[in-house]
Amino acid sequence: MLFEQLCIGIDLGADSIKVAHLSKKRNTKTIKSLYEIENPIGKIAFSRPEEKDAIRQCFAKINKIFPSKSAVIGISSKHVIFRHVKFPLLKKRELDEAIFWEIQEFSAMFNGEFISDYELLDNRNNIYHVILAAMPKDIAVDYTEIAVNAGLHLKALDVYPLANARVLETQKRHCVTAIIDLNSSHSEITMVDNGKIIFNRCLDFFDINKIDDELCKIIKTDSSWFDNIRTGFDFLPLPYQNIILEISRTFEFYSLQSKDRQINEIMLIGKGGESRYCKDILRSYFNLEVYTGREIKLDFINENVKPNGDYVDYISAIGFALRG
């Protein structure tokens with residue numbers, strides 16, 4: 001009988017808490033269950049004892065339903081600062097010291113204490129590519145204490161860009177993907193090359209679904225505008241103009257950094273994946289394949305799993321579980 005390791009990934013959102021329950025057997029990974037519970041306080045950062053206790057009770061319920069020896073919880077990118085750095089090939093001790101000094105740069109970005117971590121992405125062309133992440137210490141301590149008090153075996157606190165990229169890497173997608181996470185609370189763009197993060201930008205975009213009604217009125221008067229959008233987008237509502245400009249700037253920056261690699265596709269997750277028009281607007285303007293998270297095929301999900309909603313809603317939780 002093969003040894004089975006059970007892990008859970010927890011996506012703590014303001015509206016709900018999503019859980020992915022994963023089984024590891026040797027080199028085989030299988031999502032056994034997907035689960036969602038309402039966030040009783042509607043927050044992802046906690047200031048009062050009663051708020052922490054409410055989240056602790058949720059975590060305790062999750063632990064009772066899905067007991068495991070490894071749990072990974074996500075920290076919202078709203079509370080995290082990322083840096084992507086490059087080093088020449090170094091010995092491990094020299095690399096550790098170089099990373100230590102780079103991490104010290106975060107001290108100028110936080111008012112108080114912070115904690116940090118890093119992940120070695122790859123060493124292409126004899127260059128180490130490393131992503132650094134730092135977050136306020138009090139938030140990390142809150143999450144850790146709540147998880148431990150709920151009985152969870154906490155392995156790590158993780159970040160959403162790494163979790164989302166981890167799903168693509170597991171699916172062996174070797175192209176360059178722009179993951180655009182559009183939510184009402186925060187938005188971010190993550191450039192992923194061959195399953196590895198190149199860089200990440202956090203942005204404050206609009207609630208994309210609220211603007212769809214305004215777009216619907218425009219489309220009723222001119223149904224052919226999708227075909228002409230690449231020549232100009234002044235007719236679009238201002239929030240849509242802003243999102244196109246910010247994505248364009250991100251793509252231009254990527255092109256300057258990676259001249260030998262072209263962007264192949266855009267993946268929409270979050271509330272943006274539910275928009276009636278965002279997918280078609282981005283496809284028409286950027287002339288790229290655009291798909292939503294629900295269209296990605298996850299071949300390691302048990303066929304009996306029936307999530308409450310689409311798989312796209314659990315991509316981050318799945319990415320956290322994959323680290324467990």
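When a residue number appears, it is its place in the shown sequence, counting from 1. Owing to the predicted nature of the structure, the values given are computational and were not obtained by experimental measurement.
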#### Entry: Residue pair V141, I115: steps toward the side-chain contact (heavy atoms from CB on, under 4.5 Å) verdict
CA-CA 10 Å; V141 169; I115 65 169; over 6 Å; no
### Task
Go through the steps to decide whether K69 and L6 satisfy the test side-chain contact (heavy atoms from CB on, under 4.5 Å), and finish with yes or no.
CA-CA 7 Å; K69 295 297 184 182; L6 299 177; over 6 Å; no
### Message
One pair to check against side-chain contact (heavy atoms from CB on, under 4.5 Å): K24 and C7. What are the steps and the verdict?
### Response
CA-CA 8 Å; K24 292 182 181 180; C7 317; 4.1 Å; yes
### Message
Apply salt bridge (charged side-chain N to carboxylate O under 4.0 Å, His left out) to residues D53 and R56 and explain how you reach the verdict.
### Response
CA-CA 5 Å; D53 187 61; R56 181 196 61 77; 2.9 Å; yes
### Message
Evaluate E265 against L288 for side-chain contact (heavy atoms from CB on, under 4.5 Å), listing each step before the verdict.
### Response
CA-CA 6 Å; E265 60 186 16; L288 291 171; 5.9 Å; no
Donor-acceptor pairs are to be reported for all side-chain atoms of residues 148-163 against protein atoms at under 3.5 Å, with residues two or more places apart or in another chain.
residue : atom : partner : partner atom : Å
N149    : ND2  : E145    : O            : 3.1
K155    : NZ   : R323    : O            : 2.9
D158    : OD1  : R323    : NH1          : 3.3
D158    : OD2  : R166    : NH1          : 2.8
D158    : OD2  : R166    : NH2          : 3.0
Y160    : OH   : D11     : OD1          : 2.5

Expected list for residues 100-109: side-chain donor-acceptor pairs under 3.5 angstrom, two or more places apart:
residue : atom : partner : partner atom : Å
E102    : OE1  : R83     : NH1          : 3.1
E102    : OE1  : R83     : NH2          : 2.8
Q104    : NE2  : F100    : O            : 2.9
S107    : OG   : Q104    : O            : 2.6

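Of the inter-residue distances, the one linking I281 atom CD1 with Q241 atom CD reads 10.5 Å to the nearest 0.5 angstrom. I37 CD1 to L12 CG: the interatomic distance, rounded to the nearest 0.5 Å, is 11.0 Å. The structure places OG of S187 at 10.5 Å from CD1 of I269, a figure rounded to the nearest 0.5 Å. Remark: I75 CD1 to I139 CD1 distance equals 7.0 Å, nearest 0.5 Å. Summarising the geometry, atom CD1 belonging to I65 is positioned 9.5 Å from atom OG belonging to S33; distances are rounded to the nearest 0.5 Å. Here the OG-CD1 distance, from S116 to I81, works out to 11.5 Å after rounding to the nearest 0.5 Å.
Residues K18 and L34 have side chains not in contact (no heavy-atom distance under 4.5 Å, counting atoms from C-beta outward). Residues I243 and L182 are in side-chain contact: their nearest non-hydrogen atoms beyond the backbone lie under 4.5 Å apart. Looking at Y291 and L268, their side chains never come closer than 4.5 Å, going by heavy atoms from C-beta outward. Using a 4.5 Å cut-off on side-chain heavy atoms (C-beta onward), R48 and K43 make contact. Considering only heavy atoms from C-beta on, I180 comes within 4.5 Å of L282 through its side chain. Contact annotation: the side chain of F199 approaches that of Y254 to within less than 4.5 Å [non-hydrogen atoms, C-beta and beyond].
Test N164, T250, T190 against N200 for side chain to side chain donor-acceptor pair (under 3.5 Å) and you get one pass: T190.
Here Y35 and Y314 keep their ring centres 6.0 angstrom or further from each other.
Pairing each heavy atom of F320 with each of I10, the nearest pair is CD1-O, 3.5 Å. For the pair I41 and E51, the tightest heavy-atom approach, listed with the atom from each and the gap, is CD1-CB, 3.7 Å. R283 approaches V290 most closely through the heavy-atom pair NH2-O, 3.4 Å. Taking each heavy atom of T177 and M267 in turn, the nearest pair found is CG2-CB, 3.9 Å. Contact detail for A147 and F59: the closest heavy-atom pair is CA-CD2, 4.0 Å. Closest of all the heavy-atom pairs between Y143 and G74 is CE2-O, 3.5 Å.
A donor-acceptor distance shorter than 3.5 angstrom exists from the side chain of N39 to the backbone of G42, with no hydrogens or angles considered. The closest donor-acceptor contact from the side chain of T30 to the backbone of K32 lies at 3.5 Å or more, if one exists at all.
Residue K61 places its NZ atom among 12 or fewer non-hydrogen atoms of other residues, nucleotides or ligands, all under 6.0 Å distant. Atom CD of Q57 has more than 12 heavy atoms from other residues, nucleotides or ligands within 6.0 Å. The number of heavy atoms from other shown groups lying within 6.0 Å of CD (Q5) is above 12. Counted within 6.0 Å of CD on Q262, heavy atoms from surrounding residues, nucleotides or ligands total 12 or fewer; the atom is thus considered open.
A donor-acceptor pair shorter than 3.5 Å cannot be found between the side chains of K25 and S23.
No single ILVMFWY cluster, assembled from side-chain heavy atoms under 4.5 Å apart, contains both F87 and I197. Under the 4.5 Å side-chain contact rule for hydrophobic residues, L322 and I179 share a cluster. Under the 4.5 Å side-chain heavy-atom criterion for Ile, Leu, Val, Met, Phe, Trp and Tyr, L90 and I99 are members of the same hydrophobic cluster. Transitive grouping of hydrophobic side chains (ILVMFWY, heavy atoms separated by less than 4.5 Å) keeps I127 and L120 in distinct clusters. I198 and V85 are not part of a single hydrophobic cluster, where members link through side-chain heavy atoms under 4.5 Å apart.
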